There are 2 protein chains.
Amino acid sequence: MKNVNEEKSGAVEKFKEFLRQKKMRQTSERVLIVEKIYSMNTFFSAQALHEDINKDIHVSLATIYSTLNLLLECNLIIRHNFNSQNILYEKFPSGANSYYRICIKCNKVKAFTDKKLKKSIDLRNSTAFSIGNHTLYLYGICKKCKEKMAKAKC
Amino acid sequence: MKNVNEEKSGAVEKFKEFLRQKKMRQTSERVLIVEKIYSMNTFFSAQALHEDINKDIHVSLATIYSTLNLLLECNLIIRHNFNSQNILYEKFPSGANSYYRICIKCNKVKAFTDKKLKKSIDLRNSTAFSIGNHTLYLYGICKKCKEKMAKAKC
DNA sequence: TTTGTTGCAAAACGTTTGCAGCCTC
DNA sequence: GAGGCTGCAAACGTTTTGCAACAAA
């Protein structure tokens with residue numbers, strides 16, 4: 001198991017390399033934002049990230065968004081749209097994969113891991129398309145909602 | 001292979017049943033919207049659907065959105081967020097599953113099918129979570145972009 | 001007849017943009 | 001020192017909401 005700090009410094013390094021390649025500048029704001037994101041373990045909205053960072057130092061929302069777009073571009077974060085209102089971001093370390101169970105009744109989202117499935121999906125790599133990360137969403141009904149529905153029928 | 005009209009009438013039926021259960025009204029607008037969606041075979045934006053429908057009869061954008069939300073709720077459509085700007089919808093017939101390859105360089109999206117993978121994912125069904133449909137996104141680099149990158153290095 | 005639904009316009013929300021000043025390189 | 005980046009506020013596109021008129025049950 002990789003530790004959190006290794007993951008974070010790996011992400012910062014990858015981001016800096018990406019900026020170098022694009023001949024873009026390494027600003028303190030950009031680095032701080034990646035570090036913050038890689039210190040979290042939950043989904044987050046752009047707003048929440050903005051508020052969180054601004055407890056420490058002042059960074060404008062425009063900068064938050066511009067950096068989020070760069071991080072999306074270099075695959076260090078992903079963007080979820082679980083339900084129509086909230087758009088949520090999440091760190092996405094290289095080699096990681098995201099699996100989610102989404103209850104279509106209560107909208108709760110639960111992340112899980114599945115090594116076997118991961119292996120099987122990674123096998124889909126081909127010359128026509130080199131797979132980096134992948135994301136799987138399972139839509140269904142959770143135990144609680146199933147029980148509720150059973151009760152309602154009685 | 002199920003034919004398109006069967007699929008469409010199945011969707012309409014499922015939607016009507018959903019409305020009945022929620023004690024909501026079966027309006028001509030609602031039915032027309034599902035029918036239209038199930039006649040298409042591509043991703044679509046709310047705007048595009050609105051324009052398309054309004055060639056025939058007048059339906060307001062507010063009604064389009066309210067119906068899209070109902071269809072999301074009863075799992076007859078899904079919402080994609082491939083790149084940060086466009087939000088796209090797609091029909092999602094029961095039993096169908098969506099697999100997508102997304103190039104992180106050129107942002108092109110290609111849908112594909114994979115029966116083996118589908119079987120393997122369906123096996124993840126459990127008492128804790130009953131899986132309905134699922135969606136898999138593979139993020140990677142397509143052949144064209146790989147070739148471009150190889151050329152750039154020379 | 002009753003009450004939910006529609007259309008319209010305005011509001012809300014997340015995100016982007018233009019510009020002046022600042023800070024990397 | 002030059003040009004890219006930031007902050008601010010205004011603009012933008014998508015989605016939601018409030019209200020009066022309408023229509024399904």
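Just so you know, these numbers come straight off a predicted model, no measurement behind them. We name chains A, B, ... by the order of the sequence lines, and we start the count at 1 in each one. Scope of the values below: all heavy atoms of this structure, side chains included, with no hydrogens, waters or symmetry mates.
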Rounded distance (Å) that lies between atom [atom2] of [N] and atom [atom1] of [X]:
{"X": "A:L68", "N": "C:dG14", "atom1": "CG", "atom2": "C1'", "value": "12 Å"}
{"X": "A:I87", "N": "C:dC13", "atom1": "CD1", "atom2": "C1'", "value": "10 Å"}
{"X": "B:L70", "N": "D:dT15", "atom1": "CG", "atom2": "C1'", "value": "14 Å"}
{"X": "B:R79", "N": "D:dT16", "atom1": "CZ", "atom2": "P", "value": "7 Å"}
{"X": "B:K23", "N": "C:dT5", "atom1": "NZ", "atom2": "P", "value": "13 Å"}
{"X": "A:E29", "N": "D:dG4", "atom1": "CD", "atom2": "C1'", "value": "12 Å"}

Does A:A48 have any side chain to side chain contact (heavy atoms under 4.5 Å, CB included) partners at least two apart in sequence or in another chain, and if so, which? A:S45
A:H80/A:Y100 aromatic ring centres below 6.0 Å: yes
N or O in side chain of A:N69 less than 4.0 angstrom from C:dT16 OP1/OP2: yes
Do B:Y137 and B:F43 share a hydrophobic cluster (ILVMFWY, side-chain heavy atoms under 4.5 Å, transitive)? yes
Any salt bridge (charged side-chain N to carboxylate O under 4.0 Å, His left out) involving residues 63-73 of chain A? Give me the pairs, sequence neighbours left out, ordered by first then second residue. A:K22-A:E73
Does the side chain of [X] pick up a donor-acceptor pair with the side chain of [Y] at under 3.5 Å?
{"X": "B:S39", "Y": "B:K8", "result": "yes"}
{"X": "B:S66", "Y": "B:T63", "result": "no"}
{"X": "B:T127", "Y": "A:K143", "result": "no"}

Divergence of helical axes at both termini of the helix from C:dT1-D:dA25 to C:dC25-D:dG1 - five pairs an end, 10° steps: 50°
Using atom names, set out every protein N or O paired with an N or O of nucleotides 23-25 of chain C below 3.5 Å, distance rounded to 0.1 Å.
residue, atom, partner, partner atom, Å
C:dT24, O2, A:R25, NH1, 2.9
C:dT24, O2, A:R25, NH2, 3.3
C:dC25, OP1, A:Q26, N, 2.9

Ordered by number, residues from residues 38-65 of chain A within less than 4.0 Å of DNA chain C (heavy atoms) are A:A46, A:L61, A:A62, A:Y65
Any pair with a residue in residues 102-133 of chain B that passes ring-ring contact (aromatic ring centres under 6.0 Å, His included), sequence neighbours left out, goes on the list, sorted by first then second residue, please. B:Y99-B:F112
Just by modelled atom types, is the B:R25 backbone N or O under 3.5 Å from a matching donor or acceptor in the B:R30 side chain? yes
Please round to the nearest 0.5 Å and tell me the distance separating atom CG of A:L138 and atom SG of A:C103. 12.0 Å
If you define the side chain from C-beta out and look only at heavy atoms, does anything of B:K91 sit under 4.5 Å from B:I78? no
